[in-house]
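What follows is a short report on a single structure.
Remember, it's 1-based here, ligands and their atoms both numbered in the order they're listed.
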Amino acid sequence: MSDSTRLKIAVQKKGRLSDDSIALLKAIGIKLQIRDRLLIAHSTNQPIDLLLVRDDDIPGLVMDGVVDMGFIGENELEEKMLERQSSNRPAEFKTLRRLDYGGCRLSIAIPNEMQYDGIKTLNGSKVATTYPYLLERYFKENNIDAQAVMLTGSVEVAPRAGVADAICDLVSTGATLEANGLREQEVIFESKAVLIQRAQPLSDDKQALINRLLPRVDGVLQAKESKYIMLHAPKAYLEQVKSLLPGAENPTVLPLAGNDDTVAIHVVSSETLFWETMEKLKSLGCSSILVMPIEKMMG
Ligand code: ATP
Ligand code: MG
């Protein structure tokens with residue numbers, strides 16, 4: 001029997017979301033020992049258990065309250081929600097954070113040789129997909145009378161196999177489409193990984209733990225987007241130098257020992273510094289320009 005006082009988090013066992021989700025959990029201070037082939041992993045320093053499952057199962061586990069939280073792609077989550085709503089099953093959850101990985105789009109693609117004259121071209125066609133509910137919603141919203149053909153895998157070969165006229169599948173670079181002689185025509189859904197919580201209330205202890213972890217998630221996300229920039233700048237050009245530094249409202253300006261004409265500037269920037277900007281800074285007489293990653297941030 002599992003210990004119901006421990007926070008249960010569902011994570012994809014093996015696939016595109018696994019590594020980033022587990023890295024995020026580790027980055028917020030949760031120590032984990034994940035052994036191959038096991039469904040459950042216990043944290044050694046927090047009352048947290050990970051459930052390692054197929055991503056298809058994660059939305060349902062959260063919606064049924066079997067786990068407390070889950071990491072899942074919005075595409076999978078939205079599809080499951082529509083599916084459950086259509087049969088009046090529980091489909092509630094809370095989105096805690098939209099994350100910075102798992103980015104992709106659900107797109108309709110057609111064979112290269114097919115003529116295309118806007119979405120109305122799809123009228124009367126068969127479109128193979130793993131996401132029939134999202135696709136049918138799109139057809140409905142756009143007044144298209146087409147048929148979604150459900151395939152759980154190898155969607156991209158459906159047109160060649162004569163199973164469908166077009167496909168609706170996840171795309172990130174487009175390389176798979178190209179390799180299969182398909183071209184992307186309509187983006188129907190844009191997705192990222194999200195962290196969700198079950199809708200049913202949790203014990204005070206579990207909720208308090210989540211509330212303590214979320215600012216850490218924010219800190220990790222913010223740190224990844226931020227850079228620590230240091231440089232030496234001539235005092236005479238201080239204002240010009242500041243105006244070149246991106247997202248730097250309040251730089252720290254420090255004197256340099258034994259040098260009255262130069263100051264050191266330290267700044268946390270929400271953007272990186274491009275080579276072009278570094279070159280401009282250098283031409284203003286700046287030196288020792290350093291751009292460093294930040295590991296963690298808090299308030
Ligand atoms: P599982 O065995 O867990 O069911 P899967 O094959 O369904 O795995 P993956 O291919 O690992 O799933 O993709 C998981 C999620 O990663 C997708 O649902 C989507 O949210 C995201 N993703 C990001 N980029 C892509 C991409 N190029 N193709 C497919 N999914 C992507
Ligand atoms: Mg899956």
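In the vicinity of R54, heavy-atom distances shorter than 4.0 Å reach the ligand 1 atoms 1 (P), 2 (O), 3 (O), 4 (O). Each of the following atoms of ligand 1 lies closer than 4.0 Å to a heavy atom of G103: 23 (C), 24 (N). Residue G102 approaches ligand 1 through these ligand atoms, each under 4.0 Å from one of its heavy atoms: 21 (C), 23 (C). Listed by number with element, the atoms of ligand 1 under 4.0 angstrom from any heavy atom of G73 are 20 (O). Residue-ligand proximity, G15 to ligand 1, at heavy-atom distances under 4.0 Å covers atoms 11 (O). Applying the 4.0 Å criterion to heavy atoms of L17 picks out, from ligand 1, the atoms 15 (C), 16 (O).
Protein heavy atom at the shortest distance from atom 4 (O) of ligand 1 is D56 OD1, 2.6 Å. The closest protein non-hydrogen atom to atom 30 (N) of ligand 1 is L170 CD1, 3.3 Å. The protein non-hydrogen atom at the shortest distance from atom 24 (N) of ligand 1 is C104 CB, 3.5 Å. Scanning the protein for heavy atoms near atom 7 (O) of ligand 1, the closest one is D55 OD1, 3.1 Å. The single protein non-hydrogen atom nearest to atom 8 (O) of ligand 1 is Q12 NE2, 3.0 Å, given as residue, atom name and distance. Closest protein heavy atom to atom 18 (O) of ligand 1: N75 ND2, 3.0 Å. Scanning all protein heavy atoms for the shortest distance to atom 27 (N) of ligand 1 gives S172 OG, 2.6 Å. With respect to atom 10 (O) of ligand 1, the closest heavy atom belonging to the protein is R16 NH1, 3.2 Å.
A 4.5 Å side-chain heavy-atom check between R98 and E74 finds at least one atom pair inside the cut-off.
Annotation: protein N, O or S atoms under 2.8 Å of the Mg ion (ligand 2) (waters excluded) comprise D55 OD1, D56 OD1.
A donor and an acceptor atom, one from each side chain of S107 and E184, are located under 3.5 Å apart. Looking only at atom types and distance, the side chain of S125 has no donor-acceptor partner in the side chain of D165 under 3.5 Å away.
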So V62 and Q197, side-chain contact (heavy atoms from CB on, under 4.5 Å) or not? Walk me through it. CA-CA 7 Å; V62 175; Q197 178 180 335; 5.9 Å; no
List the steps and the verdict of side-chain contact (heavy atoms from CB on, under 4.5 Å) for L231 and V241. CA-CA 10 Å; L231 65 155; V241 168; 4.0 Å; yes
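Heavy-atom neighbours of E295 CD from other residues, nucleotides or ligands within 6.0 Å: at or below the threshold of 12. Annotation for N45: atom CG counts as buried by contact number, over 12 foreign heavy atoms lying within 6.0 Å. Other residues, nucleotides and ligands contribute more than 12 heavy atoms inside 6.0 Å of the CG atom of N211. Atom CG of D19 has 12 or fewer neighbouring heavy atoms from other residues, nucleotides or ligands inside a 6.0 Å radius. Remark: E178 CD is loosely packed, at most 12 non-hydrogen atoms of other residues, nucleotides or ligands lying under 6.0 Å away. Annotation for E92: atom CD does not count as buried by contact number, only 12 or fewer foreign heavy atoms lying within 6.0 Å.
In this structure, CG in N142 is found 7.5 Å from CD in E186, a value given to the nearest 0.5 Å. The CG atom of L25 lies 10.5 Å from the CD atom of Q46; values are rounded to the nearest 0.5 Å.
Not a single heavy atom of S18 sits less than 4.0 Å from an atom of ligand 1.
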